[in-house]
Amino acid sequence: MRILIVDDHAVIRRGLIQILLGEFPSATIGECKDAEDAIVKTMKGEWDIIICDLAMPGQSGLEVVQHVKRNFSKTPVLILSIHPERLYAVRALKAGAAGYMSKDAAPEELVNAVHRLLLGRKYISAALADQMADALNDGNIDKEPHESLSQREFDIFQLIALGKPVSKIAEQLNISINTVSTHRAKILQKMNMAMNADLTRYALEKKLI
């Protein structure tokens, strides 16, 4: 079995490798420090499963998910993140991830998730499944303002909320300054906000940055 781990922290990668080799001692495990490296490695070889961080310098983990979905549709991607499940899991699953797990989860839960994904099944935690079921039962399915954003708009929203100037956002995402400005206008309109400070305040309140 071949497993690819994508995380910008070497300590996290090494910890995951130890956990996985404890359950899958004959597995071949590759490492990537960012999304760009992961995209290159997926094009050079086949992987049975990819475990990917969500927030990394440069492209995000969701861009890895979208790349894999386009080019290797049968390869499952498990997003492993510090960000709250209730805010990010559904977005990750909609982007094409096969599962979403908090980095706070116990090691045995990671092993369980990998087994599920290798069987072609999805993975979310029991707690998140309960939350989603409760929301449906209560009829509480109203979207938060940020949930109306496309994935590209959401990425730009986060960068704006972090205080990055338009020129830096354009450089990081490899798009034009005009494109960033156009997206910014749409983001403000969709979220019914007037300025960047409103986006930052909202992102902090919702723990999106």
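Everything numeric here is computed off the predicted structure, so don't read it as measured data.
- With Val114 as the partner, the side chain to side chain contact (heavy atoms under 4.5 Å, CB included) test is satisfied by one option alone out of Val111, Leu118, Leu117: Leu118.
- A distance of 11.5 Å separates CG of Asn196 from CG of Leu162, quoted to the nearest 0.5 Å.
- Under the 4.0 Å criterion applied to side-chain N and carboxylate O atoms, Arg184 and Glu153 are not assigned as salt-bridge partners.
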* Tell me, with the steps shown, if His115 and Phe24 meet ring pair (Phe, Tyr, Trp, His ring centres under 6.0 Å). => CA-CA 10 Å; His115 278 297; Phe24 310 102; 5.0 Å; yes
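- With contacts defined as side-chain heavy-atom distances shorter than 4.5 Å, the pair Leu78/Leu110 qualifies.
- Scanning both residues, Cys32 and Ala38, for their nearest heavy atoms gives SG-CA, 3.5 Å.
- No donor-acceptor contact under 3.5 angstrom links the side chains of Asn112 and Glu108, judged on distance only.
- Under the 4.0 Å criterion applied to side-chain N and carboxylate O atoms, Lys103 and Asp53 are assigned as salt-bridge partners.
- For the pair Lys74 and Asp48, the salt-bridge criterion is not met [side-chain N within less than 4.0 Å of a carboxylate O].
- Taking 4.0 Å as the cut-off between side-chain N and carboxylate O, Lys206 and Glu144 count as a salt-bridged pair.
- Taking the six-membered ring for Trp, Phe154 and His183 have ring centres at least 6.0 Å apart.
- The same ILVMFWY cluster, assembled from side-chain heavy atoms under 4.5 Å apart, contains both Ile175 and Leu62.
- The minimum heavy-atom distance between Met101 and Glu109, with the atom names listed, is CE-O, 3.2 Å.
- Under a 3.5 Å cut-off, the side chain of Asp198 and the backbone N or O of Met195 do form a donor-acceptor pair.
- In this structure, Leu149 CG and Ile156 CD1 are separated by 10.0 Å, a value rounded to the nearest 0.5 Å.
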